[in-house]
Protein chains: 2
Amino acid sequence: MTTYDKLMAHARETAALGQIAGRLGWDQETMMPCGAARQRGAEMAAIEAVLHARRSDPQVGDWLETAEAIDEQGQAQLREIRRAYERATKVPADLAKRIAQVTSEAQGKWAAARAAEDVAAFLPVLQEVVALKREEGAALADGGDLYDAMLRDYEPGTTAAQIADIFDAMRPRLVDLRAAALDRPVPAGVSGTFDEAAQMRLSQELATTFGYDLSRGRVDKAVHPFSSGSGDDVRITTRTSATDPFNCFYSTIHEVGHAAYEQGIDATYALTPLGQGVSMGVHESQSRIYENQIGRSRAFTGWLFGRMRDVFGDFGINDADAFYAAVNRVDNGYIRTEADEVQYNLHIMLRFDLERALMAGDLLVTDLEAAWNDRFLADFGYAVDTPSNGCLQDVHWSVGLFGYFPTYALGNVYAGCLYQALRKAVPDLETQLAKGVTSGATGWLRDTVQQHGGLLLPRDLIRRAGGIEPTETPLLDYLEEKFSALYGL
Amino acid sequence: MTTYDKLMAHARETAALGQIAGRLGWDQETMMPCGAARQRGAEMAAIEAVLHARRSDPQVGDWLETAEAIDEQGQAQLREIRRAYERATKVPADLAKRIAQVTSEAQGKWAAARAAEDVAAFLPVLQEVVALKREEGAALADGGDLYDAMLRDYEPGTTAAQIADIFDAMRPRLVDLRAAALDRPVPAGVSGTFDEAAQMRLSQELATTFGYDLSRGRVDKAVHPFSSGSGDDVRITTRTSATDPFNCFYSTIHEVGHAAYEQGIDATYALTPLGQGVSMGVHESQSRIYENQIGRSRAFTGWLFGRMRDVFGDFGINDADAFYAAVNRVDNGYIRTEADEVQYNLHIMLRFDLERALMAGDLLVTDLEAAWNDRFLADFGYAVDTPSNGCLQDVHWSVGLFGYFPTYALGNVYAGCLYQALRKAVPDLETQLAKGVTSGATGWLRDTVQQHGGLLLPRDLIRRAGGIEPTETPLLDYLEEKFSALYGL
């Protein structure tokens, strides 16, 4: 065995154990009895300790010094193994343990503070989290930019400056588009109640329609929809609401986008470092293009309108155009996770700028609420009413997830680039979607993006697939064209 | 930290990882997509490798040499850690690997041979399994009895000679009882079809009735019912058949017995070597006493008859006595898993004698079928018709599970001892059971058996709980009394 082979054998076993940890996470959100939470905490800690020990194994460090790859794939494997090794070894064990403890505690305090609308109750522990994450960032950065070092966990090969360039260019056009759309009457939505079992059945149908392979996956309910797992075991969850079937269907399509990425990866990468999506941003590009550019298109919604009429009968919307308008409503709202295609990115940019300032030490935790509220007023045109609609709405910072937020909007930017290329590559795309056929779109995405798994770094992958340097222009052009037509702007 | 504390910290993490492996097994039988089987194989191999490395860690061996326990509980913890360490280190790695490979292959060949009714097709690989297991037994036995060494995996502290004494005393009385009952008319069974969703709902009710804590467990369907997990996450499965509701209900009660044992263990033992049932035999004593002595009693079946009438209406049985006879039918049959209380033990004794002879080298694999058929004719009074009804019916030997079969009947023997003591301890037991109240019985079992987890070795545990040396007499007295009354013998 060569050193490379030894490293890969070790990495394969680590990848298999990583899949197990992921499956436990799925179980926790879908199947686990409520009384098992504390025991599960100990079980998760045990498998995480095993994973950490494997990733930081000095043997891996030694092997990495001499391992040689014979091709592009091998080099990418080594790149990912090295990234995991450095991530695991650069942060002192004491600091990692302290972060785990404080973020665990912070989540509880965040939930309580949000419920009580009491920002002050959350600030002390958030202050601790910020201080610890800055310390961790410094350890990871090795003298380089602290926030860039954090980004490496979620979007390797991309810098905060690159993201800031894109976001800064997006903001004025999105603020204008939002204001213009909100100036027009809000389209009618659905009315009545929708059988939840029927929603789940139509969800399964939608998943299959979008190419999700149910022989290597399954659909369950969870409070917060997610996709989980890689290779031959990629599971999704969705949720139902008796009065809001779109929440169910578009959650399903979104998660199918994530799952299709994982299911579409070259089978030879299975249970290796390349056998999973390369970044959060690219992952989100797949979920978003399935959900929005395809799933909320005029063509596809025409087909979905028919299926919903078949299943639910009359539901207060009488033609396909009104249905299209209803699934693309732009309306005032405070909550990121409920935002439409236009306003979603404004939410993300707000968080990106604030968390970058927190990490740089330019914004104090005590000034966070005021900074949030000022920025929200500037971009959305009205004031935050309560903290749970403002700076207490997301769990992310309490968990220590700094560097994660921007990948959501980056995913939309990537989706814009990909969709532009897809329309050229599949000229009859709309004709297909109008019949509920997504194979032209999903096949192209599999070939250009999904199959590569972790082979190419995000920006390289999008450049190759989209044919252009990753840029916000296609997304903004798409949004302006779509919503100008919808709102008669 | 003392050496004992270090050993325990290590053991706790191993126990947590063991729970994870168990949960994966549950997932595989209940939730896993069919296309994920190969990947799951790699995942299971990875976690098993981690567990084996931990159990055989030389550090554990060093600690065991000097660790000192301060009390009975600590001594039992060390006993269990030592047993796992010796199990993991005495068998050479090459041999363990070869056994894993050959038994994996043998299961496939067994299934094919059973489907084709072709014993000869199974014999070569069974021969390999037997040879490898004998080699493993020799490694484990350290010059002692080979089969005793195998028993240690399933029934620590019990010898084959002790089991043989019990079984030899049981056989003639059971053969006679069987023949006498079969000489009488077979009672009528249920007729019609039974809604399977309603069966699952009544199963949940039965589980709760028997004290199963659903906040720390759940009930799902599986092809072969089982119980899985320890502590705060103990899950059971059952199955439904439209024409045979008893299969569902008694599978549920049986698995609830296993689960109640795990759920009833002293919480301070959770995620330690003592935090699980001490042996297969004691486990089976709990599942069997729930299922048979309690669940198939005249008193409890009277209550169940009422509940089934409530749920299913008329199902061809018109009074509680006929119902009691129907759930206790003794009928000719070849299959162990479908056998009644009387005949079940005859099935086990047959397998025990044959597998002991195989391991001792006194029976050749090529003579197995003839030996099986001769013994079956002698004990059951009629001849095996096809191999799938004879020596090909069980998966156990193909998996290399030698030493496992006797624990089924040992469980019945233990259940007999416990039931005799329970009736004395809870004088109004029948009055309670007639109202569907099991708390008197299950509370006594929790106090005398379940809470102790792995603290006491099986025979010591049964002796303390039952107040007598473990013996077949109470079981045989109970069976003769019950079936004599039922069949007018």
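Just so it is clear: chains get the letters A, B, ... in the order the sequence lines come, proteins before strands, and each one is counted from 1. Quick caveat: nothing in here was measured; it's all calculated off a predicted structure.
Contacts between residues 205-217 of chain A and chain B, defined by a heavy-atom separation under 4.5 Å, are made by A:L214, A:S215, A:R216, A:G217. Residue-level contacts of residues 253-278 of chain B with chain A, in order of numbering, are B:L271; threshold 4.5 Å between heavy atoms. Within residues 43-51 of chain B, the residues approaching chain A closer than 4.5 Å by heavy atoms are, in numerical order, B:E43, B:A46, B:I47, B:A49, B:V50. Of all residues in residues 225-239 of chain B, those placing a non-hydrogen atom less than 4.5 angstrom from a non-hydrogen atom of chain A are B:S230, B:G231, B:D232, B:D233, B:R235.
With rounding to the nearest 0.5 Å, the separation of CE in A:M32 from CZ in B:R23 is 9.5 Å.
Per-residue counts of heavy-atom pairs under 4.5 Å with chain B were compared for A:R54, A:Q19, A:M31, A:R12; the largest is that of A:M31.
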